[in-house]
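Note that the coordinates shown come from a computational prediction; the quantities given were computed from them, not determined experimentally.
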Amino acid sequence: MAEKKVSLPAKLINGGVAGLVGVTCVFPIDLAKTRLQNQQGAHVYSGMLDCLAKTIKMEGYFGMYRGAAVNLTLVTPEKAIKLAANDVFRQKLSKDGKLALWGEILAGCGAGTCQVVVTTPMEMLKIQLQDAGRLAAQRTVAASASATGPTPSLVASRSAQPGTNAPPQPSATRITLELLKTRGLRGLYKGAGATLMRDVPFSMIYFPLFANLNAVGRTEDRHSNPQERAPFLQSFVAGCTAGSVAAVAVTPLDVIKTRLQTLQKGEGEDSYRGIIDCVQRVLKREGPSAFLKGATCRALVIAPLFGIAQGVYFLGVGEHVLGLLG
């Protein structure tokens, strides 16, 4: 059976809605991932749960959503482009309604490449906002260590000096204007190469794996359109599984991207001239294990994010919206 013709406006709506729902659910874990990946010298957080607990105590509940506004604003075009591009490439590469594995990988590669135009500035702004709390907490620990001796308590130091150690409140607008003023448009696209290096392999792993998992139990048209007749639960589980596998696989590339895009560094933390310099410095100073920082967080973020995305996507919300408007 030939593939059903993709309605691009519907796919864009589906991708946007899916991105909004997914990001709202998992953003605190993404914040923990960014802060853990950026730790170089003094380790303020011992792990994901410790990071979230200290974030709540230092910054309040909504501190876990620092940078969420940027993500929620830009995730709609980002996810819409990614999912719609993959559908379009799959259609173009299909022959007689069938798509070989190489075609699935190539379609994923195209989708990952297309999304970078939105992903790079989104990640750039989000990382600055997410990491501001870590830098403030690191300064709190350092000040407490100087004043009270070794083994400072992050929470106790805040209690002793209420209101004096509140994290800075940078805004996405201010960061954007400052980058445009000092570095031009290139400033917003710092780390674009690393972003491309992460997102293309991710999509090359994710989309073929998802398509095949989503086709399990359906012997007909196994390599045709994966969303046809796929139950919601199967799409959700396939999205979660493929997302977690792809996320862990590219974690080293995500660490490099995060380090390169972080503008403000803590005391004693390295700055990097590029991808190769970053790899060399991290290996020399922190060892190979540093490239797996935040791997668990990434799996916990990406799995439900793409599970929700694919589930909502295949429910056809966009088609229903367009039907109401038409």
Item to check | Stepwise side-chain contact (heavy atoms from CB on, under 4.5 Å) check, Asp131 with Gln264 | outcome: CA-CA 8 Å; Asp131 205 43; Gln264 298 293 325; over 6 Å; no
Within the side chain of [X], is there an N or O that forms a donor-acceptor pair under 3.5 Å with the backbone of [Y]?
X: Gln130; Y: Arg35; answer: no
X: Tyr65; Y: Leu31; answer: no
X: Lys54; Y: Val44; answer: yes
X: Ser244; Y: Thr241; answer: yes
X: Glu78; Y: Thr119; answer: no
X: Arg198; Y: Val250; answer: no
X: Asn86; Y: Lys82; answer: no

Next on the checklist: One pair to check against side-chain contact (heavy atoms from CB on, under 4.5 Å): Val255 and Val282. What are the steps and the verdict?
Outcome noted: CA-CA 10 Å; Val255 171; Val282 171; 5.5 Å; no
Would you indicate whether the side-chain heavy atoms of [Y] and [X] approach each other to under 4.5 Å?
X: Leu52; Y: Tyr45; answer: no
X: Tyr189; Y: Val117; answer: yes
X: Glu269; Y: Thr262; answer: no
X: Thr296; Y: Met48; answer: no
X: Thr113; Y: Leu196; answer: yes
X: Gln37; Y: Arg298; answer: yes

Next on the checklist: side-chain contact (heavy atoms from CB on, under 4.5 Å), that's the test. Do Thr258 and Lys293 meet it? Break it down for me.
Outcome noted: CA-CA 11 Å; Thr258 300; Lys293 284 184 176 181; over 6 Å; no
Next on the checklist: Applying the side-chain hydrogen bond (donor to acceptor under 3.5 Å, both in side chains) criterion to Lys33, which one of Asn38, Asp254, Thr251 satisfies it?
Outcome noted: Asp254
Out of curiosity, [X] [atom1] to [Y] [atom2], how far, rounded to the nearest 0.5 Å?
X: Cys51; Y: Ile29; atom1: SG; atom2: CD1; answer: 11.0 Å
X: Thr120; Y: Lys190; atom1: OG1; atom2: NZ; answer: 13.0 Å
X: Cys109; Y: Asp199; atom1: SG; atom2: CG; answer: 11.0 Å
X: Leu101; Y: Leu106; atom1: CG; atom2: CG; answer: 11.0 Å
X: Leu72; Y: Thr24; atom1: CG; atom2: OG1; answer: 5.0 Å
X: Ser94; Y: Phe89; atom1: OG; atom2: CZ; answer: 13.0 Å

Using every non-hydrogen atom in the two residues, find where [X] and [Y] come nearest and quote the distance to one decimal.
X: Lys265; Y: Ser271; answer: CG-OG, 3.6 Å
X: Pro208; Y: Ser203; answer: CD-O, 3.6 Å
X: Pro201; Y: Leu253; answer: CG-CD1, 4.2 Å
X: Leu305; Y: Gly22; answer: CD1-C, 3.3 Å
X: Gly243; Y: Phe202; answer: O-CE1, 4.0 Å
X: Gly266; Y: Gln138; answer: CA-OE1, 3.1 Å

Is [Y] reachable from [X] through a run of I, L, V, M, F, W or Y residues, each pair having side-chain heavy atoms under 4.5 Å apart?
X: Leu325; Y: Val17; result: yes
X: Leu283; Y: Leu292; result: no
X: Leu135; Y: Leu260; result: no
X: Leu36; Y: Val248; result: no
X: Leu263; Y: Ile127; result: no

Ignoring hydrogens and angles, state whether a donor on the side chain of [X] or [Y] is under 3.5 Å from an acceptor on the partner side chain.
X: Thr55; Y: Arg66; answer: no
X: Tyr272; Y: Arg259; answer: yes
X: Lys257; Y: Gln261; answer: yes

Next on the checklist: Would Asp30 and Val23 count as a side-chain contact (heavy atoms from CB on, under 4.5 Å) here? Give the steps.
Outcome noted: CA-CA 9 Å; Asp30 185 67; Val23 166; over 6 Å; no
Checklist entry - Is any NZ, NE, NH1 or NH2 atom of the basic residue among Lys126 and Glu123 found under 4.0 Å from an Asp or Glu carboxylate oxygen of the other? => result yes
